[in-house]
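Keep in mind that what you see is a predicted model, and the values were worked out from it rather than measured.
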Amino acid sequence: MTARARPLVDLLLSGVVLAGATAAGSVLFAAAQGGYGTLPELVLRYGIPGAVAVALAPLLALRVSGPRLGRAVLLGAVAGLAGTVVLEVFRETGFRVFDSMPGDIAMLMGVLLRDQIMQGPDAASNIAGWAYHFWNGAMFGVTYAVLVGGFPFRRRRGALSGTLLGTGYGLALGTGFLLSPVTKAVGAGVFGTDFGARFAVTVYLAHAGFGALMGWLVHRYGRRIEPLWTVARTLPAGPGKGRVDTAA
């Protein structure tokens with residue numbers, strides 16, 4: 001493949017991963033709560049194809065455009081899982097100690113996944129719900145790492161900047177959650193207004209913790225992962241410009 005084509009292929013396959021991570025992530029939970037279908041139906045229709053895209057696109061990229069995308073997906077998934085642990089510390093503490101949430105989101109995910117909302121949770125649904133919850137965290141991490149990579153590189157206080165960037169990402173996710181149909185479905189209302197300020201505080205603390213650890217990990221171990229905008233800047237300006245690498 002020509003050197004001119006590699007950045008374009010990387011961008012296209014990165015777009016496939018971003019679309020797949022979105023389709024396979026928590027947007028399905030929000031869509032189910034918004035009445036767009038049952039969660040099992042949405043997972044089969046969009047989630048599984050999205051997950052396949054997230055898995056296969058980096059393998060194709062490794063052969064045709066280089067390892068950047070594969071590194072980003074792997075590191076983002078691990079960082080997202082680690083960040084979800086922090087998120088759960090805040091969420092479970094708020095839920096069980098400060099009564100700041102009307103229900104357990106992971107348990108709700110489980111009963112929806114197993115389509116047993118009338119029967120209520122059991123061991124199988126709880127396992128499914130927690131697995132799905134951590135999967136969502138991994139997909140958010142993948143999205144972040146593919147977009148941002150290890151930015152900022154080789155700068156003083158770069159780790160702090162990476163942590164703050166991740167925190168901002170986490171707060172944006174928290175805002176999206178507070179505006180989603182999920183808050184109405186659990187009885188908290190938009191932005192938790194029907195449940196009190198402690199709901200929004202818990203959500204923001206949990207997502208800030210998620211983003212902070214995830215952002216630090218991606219920055220710390222993603223030094224070789226260029227952000228997507230850097231890849232875009234390497235696209236050829238037009239025909240006949242740049243050198244051509246004829247190696248396969």
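In this structure, the side chains of W229 and F151 come closer than 4.5 Å at one or more pairs of heavy atoms. Side-chain contact between T163 and T167: present, with at least one pair of heavy atoms (C-beta onward) separated by less than 4.5 Å. The side-chain heavy atoms of L39 and D115, taken from C-beta on, include no pair separated by under 4.5 Å. Side-chain contact check for Y169 versus M214: some heavy-atom pair is nearer than 4.5 Å. Contact annotation: the side chain of F95 never approaches that of I105 to less than 4.5 Å [non-hydrogen atoms, C-beta and beyond]. Between F90 and L205, the closest side-chain pair of non-hydrogen atoms falls below 4.5 Å. Inter-residue side-chain proximity for F29 and L108 is flagged as met; some heavy-atom pair is nearer than 4.5 Å. Side-chain contact between V186 and V182: present, with at least one pair of heavy atoms (C-beta onward) separated by less than 4.5 Å.
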Practice prompt. Run the numbers on L178 and F199 for side-chain contact (heavy atoms from CB on, under 4.5 Å), then give the verdict.
Written response: CA-CA 9 Å; L178 289 170; F199 180 85; 3.6 Å; yes
### Task
List the steps and the verdict of side-chain contact (heavy atoms from CB on, under 4.5 Å) for V17 and V73.
CA-CA 8 Å; V17 169; V73 169; 3.8 Å; yes
Open item on the list: Assess the residue pair L173 and F140 against the criterion (side-chain contact (heavy atoms from CB on, under 4.5 Å)); give the C-alpha distance rounded to whole Å, side-chain angles, the decisive distance to 0.1 Å, and a yes or no.
Closed with: CA-CA 9 Å; L173 295 180; F140 281 130; 3.5 Å; yes
Go through it in stages, so that I can follow the logic: the residues are N136 and M109, the test is side-chain contact (heavy atoms from CB on, under 4.5 Å), and I'd like the CA-CA distance, side-chain angles, deciding distance and then a yes or no. CA-CA 11 Å; N136 288 337; M109 288 177 171; 3.7 Å; yes
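How far CG of L12 is from CG of L8: 4.5 Å, rounded to the nearest 0.5 Å. With rounding to the nearest 0.5 Å, the separation of CG in L42 from CD1 in I48 is 11.5 Å. L18 contributes atom CG, which lies 11.0 Å from atom CE of M139 (distance to the nearest 0.5 angstrom). Rounding to the nearest 0.5 Å gives a distance of 4.5 Å between CD of Q116 and OG of S125. Separation of atoms CZ (R71) and CD1 (I225) is listed at 7.5 Å; rounding is to 0.5 Å. Expressed to the nearest 0.5 Å, how far CG of L62 lies from CG of L13 amounts to 11.0 Å.
Within the structure, the salt bridge (charged side-chain N to carboxylate O under 4.0 Å, His left out) test picks out the following pairs touching residues 79-96 (sequence neighbours left out): E88-R91, R91-D104, E92-R96, R96-D104.
Contact between A30 and P181 at its shortest, heavy atoms only, is O-CG, 3.7 Å. Heavy-atom minimum distance, T143 versus A21: OG1-CB, 3.7 Å. When all heavy atoms of G83 and F210 are compared, the closest pair comes out as C-CD1, 3.2 Å. Nearest approach of P152 to H219, heavy atoms of both residues: O-CE1, 2.9 Å. Counting all heavy atoms, side chain and backbone alike, T234 lies closest to P7 at OG1-CB, 3.3 Å. Nearest heavy-atom pair across R6 and S65 is O-CB, 3.6 Å.
A single hydrophobic cluster is not seen to contain both V190 and Y36; linkage of ILVMFWY side chains at heavy-atom distances under 4.5 Å, directly or through other members, places them apart. Residues Y144 and L11 fall within the same hydrophobic cluster, defined by Ile, Leu, Val, Met, Phe, Trp and Tyr side chains chained together at heavy-atom separations under 4.5 Å. In the hydrophobic clustering of this structure, L60 groups with L228; members are Ile, Leu, Val, Met, Phe, Trp, Tyr whose side-chain heavy atoms approach within less than 4.5 Å, directly or through other members. Neither V78 nor L213 shares a network with the other; the hydrophobic side chains, linked directly or stepwise wherever heavy atoms of I, L, V, M, F, W or Y lie under 4.5 Å apart, form separate groups for each. Under the 4.5 Å side-chain heavy-atom criterion for Ile, Leu, Val, Met, Phe, Trp and Tyr, Y204 and F177 are members of the same hydrophobic cluster.
The residue from L113, T38, L112 that alone fulfils the side-chain contact (heavy atoms from CB on, under 4.5 Å) condition with V43 is L113.
Ring geometry for W130 against F134 counts as tilted: the plane angle lies between 30° and 60°, on a 0 to 90° scale.
A distance-only check finds no donor-acceptor pair linking the side chain of W216 to the backbone of G166 [under 3.5 Å]. The backbone N or O of E226 lies less than 3.5 Å from no partner atom in the side chain of T230, so there is not a single donor-acceptor pair. Here the side chain of H207 pairs a donor or acceptor atom with the backbone of V203 at under 3.5 angstrom.
Side-chain contact check for S26 and Y132: no donor-acceptor pair (N or O, by modelled atom type) lies under 3.5 Å.
The environment of CZ in R198 is crowded: more than 12 heavy-atom neighbours from other residues, nucleotides or ligands sit within 6.0 Å.
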